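Here is the structure we will look at, set down as structure tokens.
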Protein chains: 2
Amino acid sequence: MKPSVVTIEPNGHFCDDCAVRGAAVCSSLDAAELREFEHLGRRVHFSSGETVFSEEDITTSFYNVLEGVMRLYKLLPDGRRQIVGFALPGDFLGMNLSGRHNFSADAIGAVTVCQFAKAPFTRFIEDRPQLLRRINELAIRELSQARDHMVLLGRRSADEKVATFLLGWRERLVALKGLSDTVPLPMSRQDIADYLGLTIETVSRTFTKLERQGVIEIIQGGISLLDPARVEAMAAA
Amino acid sequence: MKPSVVTIEPNGHFCDDCAVRGAAVCSSLDAAELREFEHLGRRVHFSSGETVFSEEDITTSFYNVLEGVMRLYKLLPDGRRQIVGFALPGDFLGMNLSGRHNFSADAIGAVTVCQFAKAPFTRFIEDRPQLLRRINELAIRELSQARDHMVLLGRRSADEKVATFLLGWRERLVALKGLSDTVPLPMSRQDIADYLGLTIETVSRTFTKLERQGVIEIIQGGISLLDPARVEAMAAA
DNA sequence: ACAGCCGATTGACTCAGATCAAATTTGAGT
DNA sequence: ACTCAAATTTGATCTGAGTCAATCGGCTGT
């Protein structure tokens, strides 16, 4: 991991030119509210590998991902890691009841977030039920995804896990970049393994197996889905 | 599974004598609101094994568990099952964005729920941000639990899974019945296995192993924690 | 009390995925 | 272009948990 180089933009950012304005929590605010909201957040840049927050840290901020990809994970005392999700632009991070983060988050490649100090943000929500409702929607969506992932972790084979991951990841990218059979994988094999509850070797072997079967092609920084239908068949099982 | 015998109380239930009034969603309402809220819900009884709602069913109601235990689960097309959680009194079920339930729920032993028709409930929330906030809190708590469970499913050994389950289950019962080293397990071994991502045989063997080590005692309808510290050591690993 | 059933336990054996150990490829810095 | 370190792939072997197959035990209903 490189030395920490967090860049905070001097000032004067505008929600107007924010890529996720329509999708993120902000989508619940009208123009006037957005103007006020703007002063609460500040854009912060993180470079590859940097940690945005750690599990057990006291929560001082919430984060809205604007650009890039983050890995969200929990560690066991002996170092085993489970990635509980990947965050993409539009995702909102940091909500918890305990006052401490319940997972760690770090940047995979360059990341830009919109950071909100906890207290003023909480105050801002107080009399904006729309915003609260939006946050609640995001939590409910995450919960549904979390349950799907439990099924994957607890009941699927390695082949099914990998196939499901590829399709699910592609699906998430569709919303951001449009449909494509070329699927960029900015995360490492280790990240994928820790997300799927496998080892790096099993992930690698499964990829090569899929490639030999002519179902995918392993390309620079990702894979290409040669036969999406076959991958879907593998995932469904 | 027995023939369906759903009992709906004729009427006139009162939140006043509701065991979970202080803990559940209702805790966010003042006396006047509670009086109004009362008319939205009706108590419904389910007997052992009955299904309260199924995955993919259109969501017509939300449920507040009053008494008993429910298993919440998802099925793969080929019948593999993953239990995503057990619901206890105070838990609120049924929230989703898709308009369909994203898991199935059935009764383990006799269950009483407070059932709310979706539309009036949703309307009632509209201008009660307190209630929405409470629901959001419950969702965030569930999300945190879901992430913990992902770690268990993806990265823990069978022994660790079983030990963690016993402690976690006991912990949840503490809130309801007070601390005790006697842990009732109303769910079957198959349920435990499907919750932990194991087979019934592995769960059974792990129990007997723990018993032979003198760490637990397997008793009728549950276990007794003879050496909680050792179980904690096993769980932490 | 007894028969029959269903859930739980136990044992023998197998196998999917982990572990251990090299190559091989990639890529960042000089 | 060249070097070195890190990431990935590949191979050989091992093992924890699954599978298959009997029992065993505890209720239920007669």
Side-chain angles (χ1 to χ4, degrees), chain A residues 1-3 5 47-49 71 76 78-82 108-110 152-165 184-213 216-223 234 237, chain B residues 1-3 47-49 71 76 78-82 108-109 152-165 184-213 216-223 234 237:
Chain A
M1 195 182 299
K2 292 178 184 175
V5 186
S47 43
S48 192
R71 63 176 155 256
L76 289 175
D78 65 0
R80 281 174 289 177
R81 184 177 71 159
Q82 176 66 45
I108 296 175
L152 177 140
L153 290 171
R155 286 298 180 225
R156 288 182 169 283
S157 70
D159 287 359
E160 291 169 353
K161 284 176 175 182
V162 171
T164 305
F165 166 69
L185 296 175
M187 70 290 285
S188 70
R189 294 287 186 270
Q190 186 64 66
D191 288 340
I192 297 173
D194 287 347
Y195 181 59
L196 299 177
L198 298 171
T199 59
I200 187 175
E201 292 94 332
T202 299
V203 171
S204 182
R205 275 189 254 271
T206 306
F207 274 11
T208 21
K209 184 166 78 174
L210 288 176
E211 188 170 45
R212 273 202 276 265
Q213 291 175 353
I216 66 168
E217 189 188 358
I218 300 168
I219 59 176
Q220 198 40 261
I223 61 104
M234 265 186 102
Chain B
M1 196 182 299
K2 293 178 184 175
S47 43
S48 192
R71 62 175 155 256
L76 290 176
D78 64 1
R80 280 173 290 176
R81 184 177 71 158
Q82 176 66 44
I108 295 175
L152 176 140
L153 290 171
R155 287 295 179 227
R156 307 196 87 119
S157 70
D159 287 359
E160 290 168 352
K161 284 176 175 181
V162 170
T164 305
F165 166 69
L185 297 175
M187 69 291 285
S188 69
R189 295 286 187 272
Q190 186 64 66
D191 288 340
I192 297 173
D194 287 347
Y195 180 60
L196 299 179
L198 298 171
T199 59
I200 186 174
E201 292 94 334
T202 299
V203 171
S204 183
R205 275 189 254 270
T206 307
F207 274 10
T208 23
K209 185 165 78 175
L210 288 176
E211 187 170 45
R212 274 203 276 265
Q213 292 175 352
I216 67 168
E217 189 187 358
I218 300 170
I219 59 177
Q220 199 39 260
I223 60 106
M234 265 186 101

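Sequence lines set the chain letters: A, B, ... in the order given, protein chains first and strands last, and positions in each chain run from 1. Treat the numbers as computed from the prediction; the structure is a model and nothing was measured.
One interatomic measurement links the two molecules: CD1 of B:Ile108 to P of C:dG7, which rounds to 13 Å at whole-angstrom precision. Atoms CD (B:Gln190) and P (D:dT19) sit 11 Å apart, rounded to a whole Å. One interatomic measurement links the two molecules: CG of B:Asp194 to C1' of D:dG18, which rounds to 14 Å at whole-angstrom precision. The NZ-C1' distance, from A:Lys209 to D:dG11, rounds to 16 Å in whole Å. The separation between A:Ile218 atom CD1 and C:dT25 atom C1' is 12 Å, rounded to whole Å. In this structure, B:Phe207 places its CZ atom 16 Å from C1' of D:dA17, rounding to the nearest Å. Rounded to whole angstrom, the span from the CG atom of B:Leu185 across to the P atom of C:dA8 amounts to 10 Å.
Once rounded to the nearest 0.5 Å, the distance linking CG of B:Leu210 with CE of B:Met234 reads 4.5 Å. In this structure, CD in B:Glu211 is found 6.5 Å from CD in B:Glu217, a value given to the nearest 0.5 Å. Rounded to the nearest 0.5 angstrom, B:Thr206 OG1 and B:Leu198 CG are separated by 7.0 Å.
In this structure, B:Arg205 has no salt bridge (charged side-chain N to carboxylate O under 4.0 Å, His left out) partners at least two apart in sequence or on a different chain. Partners of A:Thr164 under the side chain to side chain donor-acceptor pair (under 3.5 Å) rule, at least two apart in sequence or in another chain, do not exist in this structure.
Between A:Ser48 and A:Ile108, the closest heavy-atom pair is OG-C, 4.3 Å. The shortest non-hydrogen separation linking B:Tyr195 to B:Leu153 is O-CD2, 3.6 Å.
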- Query: Quick one: what's the B/S/- string for nucleotides 10-24 of chain C, heavy-atom cutoff under 4.0 Å, read 5' to 3'?
  - Reply: BBB----SSBB----

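Applying the salt bridge (charged side-chain N to carboxylate O under 4.0 Å, His left out) test to residues at least two apart or on different chains, the pairs with a partner in residues 189-202 of chain B are A:Arg155-B:Asp194, B:Arg71-B:Asp191, B:Arg81-B:Asp191, B:Arg81-B:Asp194.
For A:Gln220, whose side chain is taken as the heavy atoms from C-beta onward, the closest listed nucleotide among C:dT9, C:dT26, D:dG26 is C:dT26.
Comparing the axis of the opening five pairs of the helix from C:dA1-D:dT30 to C:dT30-D:dA1 with that of the closing five pairs yields an angle of 50°, rounded to 10°.
You'll find the side chain of B:Asp159 reaches within 4.5 Å of the side chain of B:Lys209, heavy atoms only.
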